[in-house]
Enquirer: 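Following this message is one structure expressed as C-alpha cells.
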Amino acid sequence: MTESSKNLLYYGDNLDVMRRHIKDETVDLVYLDPPFNSNTNYNVLFAEKDGSKAASQIQAFSDTWTWNQESEAVFAEIVMGGGKVSDCLQAFRTFLGECDMLAYLVMMAPRLVELRRVMKTTASIYLHCDPVASHYLKTLMDAVFGPANYLNEVIWKRTSAHSGSKRWGPVHDVILFYTKSSAFVWNQVFQDYSEDYIERFYRFLDKKGHYRVGDLTGAGTRTGESGQPWQGVNPTDAGRHWAVPNKVLQELFNNEYERWTVQQKLDALNNAGLIYWPPKGKVPGFKRYFNEKAGVSITDVITDINPIGAQAAERLGYPTQKPVALLERIISASSNPGDIVLDPFCGCGTTIAAAQKLGRPWIGIDITHLAINLIKVRLKDSFGDSAIFKVIGEPVSVPDAERLAESDPYQFQWWALGLVGARPVEQKKGADKGIDGRIIFEGDKKGVFESVILSVKAGKTGSAHVRDLKGVLEREKAAIGVLISMQEPTKDMKIEAATAGFYESSLWNKKYPKIQLLTVAELLSGKTVEMPPIRQISATFKKAPKPTNKLTEQHEMDV
C-alpha cells in the first residue's frame, strides 16, 4: 500500500485504483461481490450503451452490460497480452459471440488479474456471484489463479423460498474460493449446532446434559488387555476389543492414565459417569456430551446464515447488501488479526465493517459517492472514533468539485448531499421534480417527523431557483429547504430566500431559516445546514448497529 493510513476508502474505478495505488503482494484476503450481470437496475457498477465513454464512468444502480467500444478495446488488450487469460477470453468469444455475458467477463478479467498481483503468496480470494455467471467466472478464475488453487465452490442459501417458472426455485448464491498458492492461511471456524442436530444426535439426557452414545469397542479381537473381560463383559465374544477414548482420559487425568491398564481406564471412566449401560444387552457405550463451545466445522453449504430480513437492524437500505455474519465467517477462516482485507466492489461496506470489527486493516473501493458516503456514516455509527480511515479520490477543493460536476453530474450530486448527511432521493419516471435529497428529523412532538429538502445545482443559479425551491417546500409541507450551488448566491437570491421566513422550534427555543443557500466552498470549509439536531433517525441511510462481541448471528428471515 502506498498510503500511510492502513484503512483506505477509495472513490473510483477499482481497476484504475489498484493499478495506481496498491503495490504487488500487499493484500492478505480479497472478497468481491461484483454485479452479477442479472440485467437488473440495482447494483453499483459501470454501464454505457453507446461506447463513447469508458464503461466505468456511468452512474450507479445498473447491472446491465452491452458489448461496446470499451469491451472491444479491453478484449484486444488482454488478448495481446497472451497467456491463459487470453486463451480463455478468446474461447469465450468463439463460444458466446459478442454478447452481454462476454462484455461482463471482459470487464472482470483485468480486475481478477490485478487482484492476483496485489495478493500475497499466502492470500485467498472469495468471489461472490450467482449461478447465471458462476460457471464462466470459475473458468476465468482457473485461467487467472490456476486450477490447482481452486479450493471450494461455497453455496450460500440466500432465501428460504423462491418460486421458479418451470424450473427448480433459485435460492442460492455461489462463492468461489481460490488461493494464490498452497501456502494459504486457514483457520478452523465452527458454526453453531442447530436444534435439529442436537435433537437428532444428542437425544439422551441426564443431570449433566445432552449426550449421545459412542462405541467403547473396536472391530477385531485382541489377546492383550484390550481383549480381556471388564465388568462381566467380554468383547471377544462379539469379535471386538476395548477401544478407550484416550483423549478424554488426557483431559480428565492428564498423563496419569498412561500407567493404567485398559480395565483401570474403563473403571475411571465409569466412576466419572461417562459409561452408558444399556437397559437391554451387555455391551456398554461411551457418553459423548454435547459441547456448545465446539460447534460444527464450517462446510461448503451455508444454511445457517440467513439473508437480511426487511425489518432487520442490520439492513441499511442498500440493494444486494450481504449479512455481516457471512463476511465475518470468511474473514475469520482466511485471515489473521492484522492481515489486510480488500474489497474492490465494497458497496455499502459490509466487508469493511466485518474487517474493522475483527481487527483487520482494510481497503475498500467503489465507483459511486453514494456508496462512499454510506460507508463513512456506517463506520461512524458502528465504531465511532475507533474507526480511523482515509478517503482518497473525493473532491477536497472547489476545482475538484467542478471537475466532478463536469464529468458526472449525478456523482457530484451524491457527493454534495453527503457533505450535509442527506439521503439521495430516487427520481422515478413521472415523479415530481425539484428534490435531490432529504434529511429527516424529529420535530417538537415525539414521534412526529419533519423533513429538510435539498436541491443541488452545479451550473448557473438565480432567484428563479429559489422561488422553485419555495414552491417545492410548500408542496411537500417540509420544514426547511436548502439550495446547494457551486456559485455564490446573488443579492436577489438572498432576498428571495429571506422572504420565506423561519422554521421555529419551541423544543430547542430557536429559529431556523426556512430557505438556506449553501455553496460548495462553504460546505468544504465546514458549514452545514441550520436545523434541529437529528436524534432518533438516521439522516442518510438507516443507522448501522453497534457490533457485538461475538461473531454476528443473523436470524432474520427475508420477507
Enquirer: Ala478 and Ile453: which non-hydrogen atoms are nearest, and at how many Å?
Expert: CB-CG2, 4.0 Å
Enquirer: Can Arg438 and Glu450 be counted as an ion pair, charged N to O under 4.0 angstrom?
Expert: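 Here Arg438 does not pair with Glu450 in a salt bridge, since their nearest N and O are not under 4.0 Å apart.
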Enquirer: Would you say the side chain of Ile480 lies within less than 4.5 Å of the side chain of Lys514, judging by non-hydrogen atoms?
Expert: no
Enquirer: Do Lys120 and Asp24 sit within salt-bridge range, that is, some charged N less than 4.0 Å from a carboxylate O?
Expert: no
Enquirer: Compute the ring centroids of Tyr126 and Tyr31, then answer whether they are less than 6.0 Å apart.
Expert: no
Enquirer: Identify the two heavy atoms, one from Ala500 and one from Lys470, that lie closest to each other, and give their separation to 0.1 Å.
Expert: CB-CE, 4.3 Å
Enquirer: Does Arg360 come within less than 4.0 Å of Asp339, counting only side-chain N to carboxylate O?
Expert: no
Enquirer: To the nearest 0.5 Å, what is the distance between CG (Leu473) and OG (Ser455)?
Expert: 12.0 Å
Enquirer: Would you say the side chain of Ile125 lies within less than 4.5 Å of the side chain of Phe177, judging by non-hydrogen atoms?
Expert: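 SC-SC contact between Phe177 and Ile125 ruled out.
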Enquirer: Check this for me: does any side-chain nitrogen of one of Arg19 and Asp16 sit under 4.0 Å from a carboxylate oxygen of the other?
Expert: no
Enquirer: If you measure from CG on Leu89 to CD1 on Ile78, what distance do you get to the nearest 0.5 Å?
Expert: 5.0 Å
Enquirer: So, are Lys510 and Glu530 salt-bridged, with charged N and O less than 4.0 Å apart?
Expert: no
Enquirer: Got a donor-acceptor contact below 3.5 angstrom from the Ser382 side chain to the Leu379 backbone?
Expert: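 Not confirmed, Ser382 side chain does not pair with Leu379 backbone.
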Enquirer: Quick check against the 3.5 Å criterion: does Asn68 have a side-chain atom that pairs as donor or acceptor with the backbone of Glu70?
Expert: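 Such a contact is found between Asn68 side chain and Glu70 backbone.
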Enquirer: For residues Ile439 and Leu454, determine if any side-chain heavy atom of one lies less than 4.5 Å from a side-chain heavy atom of the other.
Expert: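 When only atoms from C-beta onward are counted, Leu454 and Ile439 do touch, with a gap below 4.5 Å.
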Enquirer: Any donor and acceptor pair, going by atom type alone, linking the side chain of Trp156 with main-chain N or O of Ile305 inside 3.5 Å?
Expert: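 Checked: pair present.
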Enquirer: If you look at every heavy atom in Ala405 and Met486, which pair is closest and at what distance?
Expert: CB-CE, 4.1 Å
Enquirer: How far apart are the C-alpha atoms of Ile352 and Ile375, what are their side-chain angles, what is the distance that settles it, and do they pass the side chain to side chain contact (heavy atoms under 4.5 Å, CB included) test?
Expert: CA-CA 8 Å; Ile352 288 170; Ile375 294 168; 4.2 Å; yes
Enquirer: Hey, mind stepping through Val85 and Leu112 against side chain to side chain contact (heavy atoms under 4.5 Å, CB included) and telling me if it holds?
Expert: CA-CA 10 Å; Val85 179; Leu112 291 173; over 6 Å; no
Enquirer: Could you tell me whether a side-chain N or O of Gln321 sits under 3.5 Å from a main-chain N or O of Thr350, the two making a donor and an acceptor?
Expert: no
Enquirer: Are Thr368 and Asp366 close enough that a side-chain donor and a side-chain acceptor fall under 3.5 Å?
Expert: yes
Enquirer: What pair of heavy atoms forms the shortest contact from Ile331 to Ala354, and how long is it?
Expert: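 Heavy atoms of Ile331 and Ala354 come nearest at CD1-CB, 3.8 Å.
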Enquirer: For Gln411 and Asp408, indicate whether the former's side chain and the latter's backbone hold a donor-acceptor pair under 3.5 Å.
Expert: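 It does not hold such a pair.
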Enquirer: Report yes or no: does Ser332 contribute a side-chain atom to a donor-acceptor pair with the main-chain N or O of Arg329 at less than 3.5 Å?
Expert: no
Enquirer: Quick one, Trp67 and Phe75 - any side-chain contact, counting heavy atoms below 4.5 Å?
Expert: yes
Enquirer: Hey, what do you get for OG (Ser334) to CG (Asp28), rounding to the nearest 0.5 Å?
Expert: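 The distance works out to 11.0 Å.
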Enquirer: Judged by atom type as modelled, is there a donor-acceptor pair below 3.5 Å linking the side chain of Asp173 to the main-chain atoms of Arg158?
Expert: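 It does not hold such a pair.
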Enquirer: Could you tell me the separation between the CZ atom of Arg111 and the CG atom of Leu15, rounded to the nearest 0.5 Å?
Expert: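 If we round to the nearest 0.5 Å, Arg111:CZ and Leu15:CG are 4.5 Å apart.
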Enquirer: When you compare the side chain of Leu483 with that of Gln516, does any pair of heavy atoms fall below 4.5 Å?
Expert: no
Enquirer: Could you measure the distance from the CD1 atom of Ile22 to the CZ atom of Arg117? Nearest 0.5 Å is fine.
Expert: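 Rounded to the nearest 0.5 Å, the CD1-CZ separation comes to 7.5 Å.
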Enquirer: Please report the C-alpha distance between His128 and Leu326 in whole Å, then the side-chain angles of each, then the deciding distance to 0.1 Å, and finally whether the side chain to side chain contact (heavy atoms under 4.5 Å, CB included) criterion is met.
Expert: CA-CA 11 Å; His128 194 136; Leu326 181 64; 3.9 Å; yes
Enquirer: Under 4.5 Å between any side-chain heavy atoms of Ile365 and Leu342, yes or no?
Expert: yes
Enquirer: When rounded to the nearest 0.5 angstrom, what distance separates CE in Met119 from CZ in Phe145?
Expert: 5.0 Å
Enquirer: With a 4.0 Å cut-off, would you call Asp468 and Lys457 a salt bridge?
Expert: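 Answer for the salt bridge query: no.
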Enquirer: Below 4.5 Å, heavy atoms only, C-beta onward: do Ile363 and Ile340 meet side chain to side chain?
Expert: yes
Enquirer: Do Pro424 and Gln413 have side chains that approach each other closer than 4.5 Å (heavy atoms only, starting at C-beta)?
Expert: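 Result no, sub-4.5 Å side-chain heavy-atom pair not found.
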Enquirer: Show your working on side chain to side chain contact (heavy atoms under 4.5 Å, CB included) between Ser71 and Leu102 and close with a plain yes or no.
Expert: CA-CA 9 Å; Ser71 306; Leu102 183 62; over 6 Å; no
Enquirer: Below 4.0 angstrom, N of the basic side chain to O of the carboxylate: do Lys138 and Glu153 qualify?
Expert: no
Enquirer: So, Arg403 and Glu406, do they make that salt bridge, N to O below 4.0 Å?
Expert: no
Enquirer: Does His465 reach the main-chain N or O of Gly462 with its side chain, forming a donor-acceptor pair under 3.5 Å?
Expert: yes
Enquirer: I need the minimum non-hydrogen distance between Ala497 and Val466, along with the two atoms involved.
Expert: N-CG1, 3.7 Å
Enquirer: Which atom pair, heavy atoms only, marks the closest approach of Leu524 to Ser397?
Expert: CD1-C, 3.5 Å
Enquirer: Looking at Phe412, Tyr11, Tyr10, which hits ring pair (Phe, Tyr, Trp, His ring centres under 6.0 Å) with His369?
Expert: Tyr11
Enquirer: Report yes or no: does Ser485 contribute a side-chain atom to a donor-acceptor pair with the main-chain N or O of Gln487 at less than 3.5 Å?
Expert: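 Yes, the answer is positive, given that a donor and an acceptor are paired below the 3.5 Å cut-off.
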Enquirer: For salt bridge (charged side-chain N to carboxylate O under 4.0 Å, His left out), just list the numbers for Arg116 and Glu25, CA-CA rounded to whole Å, side-chain angles, deciding distance to a tenth of an Å, and then say yes or no.
Expert: CA-CA 8 Å; Arg116 186 184 185 281; Glu25 299 190 355; over 6 Å; no
